[in-house]
Amino acid sequence: MREIEVDVAVIGAGSAGLRAYRNARQHADQVVLIEGGEYGTTCARVGCMPSKLLIAAAESAHHARGADKFGIRVSDVQVDGRAVMERVRTERDRFVGKATAMTRKIPEEDRLHGHARFEDRNTLRVGDDLRVRARSVVIATGSRPNVLPLFEGLGDRLVVNDDVFDWQVLPESVVVFGPGIIGLELGQALARLGVRIRMFGLGGFVGPLTDPDVKAMAEQHFQSEFPLDADARVESVARDGDAVVVRFQDADGEVREERFEYLLAATGRRPNVDQLAIENADLPMDDKGMPVYDRYTMQCSDTSVFIAGDANNYLPLLHEAADEGVIAGRNAARFPDVAPGHRHCPLSIVFTDPQIAMVGYARGELEEGSYAVGELDFSAQARARVMGEDHGLMRVYGSYADGRFLGAEIFGPRAEHMGHLLAWCQEQGMTVAEMIDKPYYHPVLEEGLRNALQQLQQALQEGRG
Ligand SMILES: Cc1cc2nc3c(=O)[nH]c(=O)nc-3n(C[C@H](O)[C@H](O)[C@H](O)COP(=O)(O)OP(=O)(O)OC[C@H]3O[C@@H](n4cnc5c(N)ncnc54)[C@H](O)[C@@H]3O)c2cc1C
Ligand SMILES: NC(=O)c1ccc[n+]([C@@H]2O[C@H](COP(=O)([O-])OP(=O)(O)OC[C@H]3O[C@@H](n4cnc5c(N)ncnc54)[C@H](O)[C@@H]3O)[C@@H](O)[C@H]2O)c1
């Protein structure tokens with residue numbers, strides 16, 4: 001068995017691990033980056049980028065079909081599934097190529113290949129014939145789809161996001177389990193590309209939304225595009241020949257059966273810490289079997305182990321993985337001199353149409369009686385009407401205690417932009433009054449935001465909820 005000694009060992013060459021490696025290298029000489037699979041990152045290979053490519057094709061078809069309302073006649077919109085998937089794969093491969101090339105720029109002696117697992121807190125076995133002794137370890141092993149036992153027996157009719165982007169052609173039909181972020185993004189895109197979609201959820205959740213009215217509007221909108229039951233009663237899922245057969249109760253309580261070409265499991269993701277023999281690291285664990293860690297230092301309890309990105313299951317988003325990688329890498333290299341890093345205002349965007357944006361505190365996280373609400377209904381917003389994208393609802397929340405802006409939930413046109421604007425204001429600790437007192441161009445969607453903020457400010461002043 002070959003043995004090496006290093007200052008820091010980073011497990012996982014994804015978005016978090018790459019940042020961790022680079023930042024550790026600024027403070028330590030001997031840093032290794034261990035990857036058990038292929039280079040290229042989840043984001044580029046099977047995550048953010050290919051999903052947005054599929055969505056871009058779907059948006060194009062949708063706009064062509066909707067051109068009529070502007071008096072533009074586009075006859076016979078046809079979706080060439082093979083061409084759609086070819087562009088998705090080609091552009092995806094370009095993103096993967098770039099990420100892979102960046103990883104390969106790391107000196108070869110710092111890049112180790114093989115599945116890593118703990119022998120003890122400071123010793124990793126990599127593959128079968130390498131032992132790495134490290135002063136500190138960064139776990140940046142990402143996550144994988146959570147496939148439910150209910151789907152057992154479906155064989156190749158069961159797909160996860162990874163599989164979708166390798167399709168050569170579009171299927172005739174897909175049943176989607178999970179109206180979360182992945183389910184909504186992929187389900188709506190496939191529906192707009194002509195695939196028959198039915199979506200089942202559990203517990204009434206729709207994406208990350210917690211404001212009941214915003215959620216209701218989003219749910220209603222998606223239901224206008226494809227059948228969606230966010231609190232479904234599914235009796236069975238089985239394979240019959242090449243079909244997936246789902247038995248479920250419909251809205252009237254009638255038991256129905258429907259056949260689909262594939263079942264897409266989008267029922268959440270599981271952090272990849274269960275394949276690390278993590279028990280050998282002897283870390284304090286929580287009741288979900290996850291290491292207890294500090295989200296400002298990324299340190300697992302007071303140990304020399306750090307955890308970043310989807311692996312810690314906190315905010316499984318790309319920019320959070322990157323920020324956490326930076327903090328974890330620096331702290332691992334400087335251990336035991338560990339310092340808190342800066343965490344940004346929570347921001348998440350779902351690339352459906354209309355988009356969903358969650359900024360700062362979600363309504364469900366706020367203490368009743370501590371906040372007031374302002375709102376914007378996009379159906380009456382001038383710019384939204386001009387663009388023919390006049391669907392959606394935004395709610396903004398402000399604090400009675402100090403008049404500060406707390407957060408927002410948006411289901412509305414191009415919410416990605418307003419989401420950023422609001423996140424920057426929240427991070428600056430701005431009051432609602434300060435946000436109102438900023439320039440607003442005409443005619444833009446942000447004029448609607450000003451109305452919502454004015455309403456919120458009035459509610460704060462009047463002490464209304
Ligand atoms: C379909 C989809 C769409 C998404 N869209 C967005 C989006 O639009 N915006 C956004 O912000 N986020 C999005 N995300 C989330 C985003 O992709 C992730 O948050 C991010 O990629 C996580 O990066 P990571 O470094 O933690 O993990 P990864 O990039 O997965 O890296 C982990 C690496 O660790 C390796 N590894 C695992 N275990 C071991 C081991 N024991 N030994 C050695 N190596 C190991 C893996 O092979 C992998 O290369 C999306 C995710 C999905 C699935
Ligand atoms: N645009 C983005 O930023 C983006 C896009 C895709 C993924 N992501 C990241 O990936 C993570 C994982 O996405 P996800 O959509 O898999 O998870 P999710 O947690 O967002 O959604 C999972 C959904 O599955 C439902 N569910 C659970 N069990 C079920 C069952 N038995 N039957 C039917 N539904 C069931 C849940 O109620 C929930 O609605 C996200 O939380 C996000 O952080 C981000």
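Atoms within each ligand, like the ligands themselves, are counted from 1 in listed order. Please read all numbers here as calculations on a predicted model, not as lab measurements.
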Checklist entry - Are the side chain of Arg117 and the backbone of Leu276 linked by a donor-acceptor contact shorter than 3.5 Å? => result no
Checklist entry - Does any donor atom in the side chain of Ser304 or Asn122 lie under 3.5 Å from an acceptor atom in the other side chain? => result yes
Checklist entry - Judged by modelled atom types alone, do Thr141 and Asn272 share a side-chain donor-acceptor pair under 3.5 Å? => result no
Item to check | Those residues that, when tested against Glu258, pass salt bridge (charged side-chain N to carboxylate O under 4.0 Å, His left out) (two or more places apart) | outcome: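 Glu258: salt bridge (charged side-chain N to carboxylate O under 4.0 Å, His left out) contacts with Arg196, Arg198, Arg256.
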Checklist entry - Given Glu324, Gln275, His113, Glu35, which has its nearest heavy atom closest to atom 47 (O) of ligand 1? => result Glu35
Checklist entry - Is there a heavy atom of Tyr39 sitting under 4.0 angstrom from any atom of ligand 1? => result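 Contact check Tyr39 vs ligand 1: negative.
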Checklist entry - Does even one non-hydrogen atom of Arg269 get within less than 4.0 Å of ligand 1? => result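 A heavy atom of Arg269 does come that close to ligand 1.
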Checklist entry - N/O to N/O below 3.5 Å, does that happen between Leu318 and ligand 1? => result yes
Checklist entry - So is Lys52 polar-close to ligand 1, meaning N/O to N/O under 3.5 Å? => result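 In this structure, Lys52 places an N or O atom under 3.5 Å from an N or O of ligand 1.
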Checklist entry - Do Phe200 and Phe248 have ring centres separated by under 6.0 Å? => result yes
Checklist entry - Can we call the ring centroids of Phe411 and Phe222 under 6.0 Å apart? => result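 So the answer is yes for these two rings.
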Next on the checklist: So if I only count non-hydrogen atoms and take anything under 4.0 Å from ligand 2, which residues does that give, chain by chain?
Outcome noted: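 Protein residues near ligand 2 are Lys52, Leu148, Phe177, Gly178, Pro179, Gly180, Ile181, Ile182, Glu185, Phe200, Gly201, Leu202, Phe205, Ala266, Thr267, Gly268, Arg269, Pro316, Leu317, Ile349, Phe351.
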